[in-house]
Amino acid sequence: MKVKFVLTMDDVVVGDKNIDRVILDWETQIEQQEILELSQQWITSKNFLTSRMEGLTRVGESSLTIEPIEENEDVEW
């Protein structure tokens, strides 16, 4: 399934720089089981982001939105 991820991080420290807000969004193909696993890791891990992003040392608040994207295969021109 094709989904869109939107990651919002507030009060971020990268290296020695303080950043008010960072928003990352991307689309990818992913299986529903992988989404469930990712969501579970996100909820249960306190350092989910800082352990995966080089230079990121602090995140005040964060949210992750996962939205399915409808693929319109029958496009008529």
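- Distance CD/Glu61 to CZ/Arg21: 10.5 Å, rounded to 0.5 Å.
- Rounded to the nearest 0.5 angstrom, Gln40 CD and Ser45 OG are separated by 11.0 Å.
- Under the 4.5 Å side-chain heavy-atom criterion for Ile, Leu, Val, Met, Phe, Trp and Tyr, Trp26 and Val59 are members of the same hydrophobic cluster.
- Between the NZ atom of Lys2 and the OG1 atom of Thr28 there is a distance of 9.0 Å, given to the nearest 0.5 Å.
- Taking CD from Glu37 and CD from Glu31, the interatomic distance works out to 11.0 Å, rounded to the nearest 0.5 Å.
- Looking only at side-chain heavy atoms (C-beta outward), Leu24 and Met53 come within less than 4.5 Å of each other.
- Tracing side-chain contacts under 4.5 Å through hydrophobic residues (I, L, V, M, F, W, Y), one never reaches Val13 starting from Ile19; they form parts of separate clusters.
- Between Phe5 and Thr65, the closest side-chain pair of non-hydrogen atoms is not below 4.5 Å.
- Residue Lys4 holds its NZ atom at 13.0 Å from CD1 of Ile66, rounded to the nearest 0.5 Å.
- Nearest heavy-atom pair, Ser63 versus Trp42, reported as atom, atom and distance to 0.1 Å: C-CZ2, 3.7 Å.
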> Where do Val3 and Gln32 land on the side chain to side chain contact (heavy atoms under 4.5 Å, CB included) test, with the steps shown first?
Replying inline: CA-CA 10 Å; Val3 296; Gln32 189 169 2; over 6 Å; no

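- Partner of Arg58 under the side-chain hydrogen bond (donor to acceptor under 3.5 Å, both in side chains) criterion, out of Asp11, Thr50, Asn18: Asp11 alone.
- Heavy-atom minimum distance, Thr57 versus Gly15: OG1-O, 4.3 Å.
- None of Leu7, Val12, Leu64 except one satisfies the side-chain contact (heavy atoms from CB on, under 4.5 Å) rule with Leu49; the exception is Leu7.
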> Step by step, would you call Glu27 with Glu67 a side chain to side chain contact (heavy atoms under 4.5 Å, CB included)?
Replying inline: CA-CA 9 Å; Glu27 296 177 4; Glu67 300 174 0; over 6 Å; no

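- Counting all heavy atoms, side chain and backbone alike, Ile23 lies closest to Val6 at CG2-CG1, 4.1 Å.
- Between the side chains of Asp10 and Thr8, no donor-acceptor pair is found at a separation under 3.5 Å.
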> What do the steps show when you test Ile69 against Met1 for side chain to side chain contact (heavy atoms under 4.5 Å, CB included), and what is the final call?
Replying inline: CA-CA 8 Å; Ile69 297 174; Met1 91 185 323; over 6 Å; no

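- Judged by distance alone, the side chain of Ser51 and the main-chain N or O of Phe48 form a donor-acceptor pair under 3.5 Å.
- Within a 6.0 Å radius of CG in Asp16, other residues, nucleotides and ligands contribute 12 heavy atoms or fewer.
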